[in-house]
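Input: a single structure, listed below in structure tokens.
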Amino acid sequence: MQVEIATPEGVLFSGEADSVTAPGIIGEIGILNDHAPLISSLSEGKIRVDKKEMETKTGFLKVSDNRIIIITEGAK
Amino acid sequence: MAGQSVRDIKTRVGSIKNIQDITKTMMLVAAAKLSKAESAITRLRPYARRLNEMITDIKLRAEISHPLLLERKVKKEFVLVVTSERGLCGGFNSKIIRKAEDYFEKENIERRLVLIGKKAISYFGKVDKDYPIVKEHQVPDKVSFDFAKIIGEELVKDYINERFDRFVVVYNEFKSVFRQEQVTEQLLPIIPKKPASKFTADYIYEPSATDILDSLLPAHFNYQIYRILLESAAAEHAARMTAMEQATTNAKERIKELILTFNRARQASITSEIAEIVTTTMAL
């Protein structure tokens, strides 16, 4: 999957990954290949891309056609 | 220039050289700050694009009305004027203040000002000005998203509480190093962009389309404020750079002229000294 994590102050991550977990506002979201199209709000917390972990502020996540786009107000 | 002593001219050349050093340094500092501001604008772009995409995605699939999108009858408006903290940047501040005044003249309604930058605060803070100021901010040395967010969140709250019905920003847009454009832009209510007609499968929303839009739109507003602050900062540094470059060139010209008069004066004094010596020897 293609993953991009963007903040107002720059792109945090951009590249290929096999799994992503993100702190959805109503519970953690885990995304693997071929996930259904989804748009969700994110609360503050940890985003994990494969084994890489990032502490981020609130944001949004969108999945469609094996592309994951996360926008967040910034890294913590 | 005639009759000036050689020493006087020398001191003047010295002081102009000092000024030239200062303007040159200011120019270099402005250039460095400009490139930083420009790169901040570039770094913001991916976020902006994704944010807009998401808003369009949701609006395309769900007919949702939101207070930030709703046009109300305009009885009162808030105007944000963005200037700089410091001067010596050409027409940067005076042009934007004039632009704001022009805008005020077009329509006579109740108006409140939100000011950013010392120059706007000292101009619009004068007693004879027509519009009350609701908020003043200084321009921080480094504009951060958090700073923009503080301004943005308060305004969104006030807008939703109907303390004003329209929000307009007057600021310098950074077009290029040699061109800053003064623009007036309406930020609230948000004017939605025409969505592209590309329609893929529907999304699952967590929690719901309305809830997501509820936080996406304020995020969009904060982003706009941040973008405007960055644009204005880049424009300021560009204006200062050009102004200081001009000042440095002027100083150089002036020094050239003075050195010419200096040489002339020196030659004149030598000539008269020789003449004196010659006449004295002849008298002997």
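These numbers were taken from a predicted model, which means no experiment stands behind them. So that the names make sense, note that chain A is the first sequence line, chain B the second, and so on, each numbered from 1.
Shown here are the ring-ring contact (aromatic ring centres under 6.0 Å, His included) partners of Tyr226(B), two or more places apart in sequence or in another chain: Phe145(B).
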Donor-acceptor contacts, no H, no angles, side chain residues 80-92 of chain B, under 3.5 Å, sequence neighbours left out:
residue	atom	partner	partner atom	Å
Thr83(B)	OG1	Ile116(B)	O	3.1
Thr83(B)	OG1	Ala120(B)	N	3.0
Ser84(B)	OG	Arg86(B)	O	2.6
Ser84(B)	OG	Asn93(B)	OD1	3.4
Ser84(B)	OG	Asn93(B)	ND2	3.0
Glu85(B)	OE2	Lys118(B)	N	3.0
Glu85(B)	OE2	Val139(B)	N	3.0

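If you take CE on Met54(B) and CD1 on Ile70(A), they are separated by 8.5 Å, rounding to the nearest 0.5 Å.
Using a 4.5 Å heavy-atom cutoff, the side chains of Glu53(B) and Ile69(A) are in contact. The shortest distance between side-chain heavy atoms of Tyr203(B) and Lys62(A) falls below 4.5 Å.
Contacts of residues 26-45 of chain B with chain A at a heavy-atom distance below 4.5 Å involve Arg43(B), Leu44(B), listed in sequence order. Proximity to chain A at a heavy-atom threshold of 4.5 Å picks out Ile204(B), Tyr205(B), Glu206(B), Pro207(B), Ile212(B), Ser215(B), Leu216(B), Ala219(B) from residues 204-220 of chain B, in numerical order.
For Ser14(A), no part lies near chain B; criterion is any non-hydrogen pair under 4.5 Å. Proximity to chain B is limited to the side chain of Ile29(A), based on heavy atoms less than 4.5 angstrom apart. Contact of Ile25(A) with chain B is made through the side chain alone, with heavy-atom distances under 4.5 Å. For Thr7(A), the part lying under 4.5 angstrom from a heavy atom of chain B is the backbone only. Contact of Glu4(A) with chain B is made through the side chain alone, with heavy-atom distances under 4.5 Å.
Within 6.0 Å of atom CD in Gln2(A), more than 12 heavy atoms from other residues, nucleotides or ligands are found, so the atom counts as buried in its surroundings. Counting heavy atoms of neighbouring residues, nucleotides and ligands inside a 6.0 Å radius, atom CD of Glu16(A) exceeds 12 of them. The neighbour count for Gln138(B) CD, taken as heavy atoms of other residues, nucleotides or ligands under 6.0 Å away, does not exceed 12.
Heavy-atom pairs under 4.5 Å with chain B peak, among Val11(A), Ile39(A), Ile5(A), at Ile39(A).
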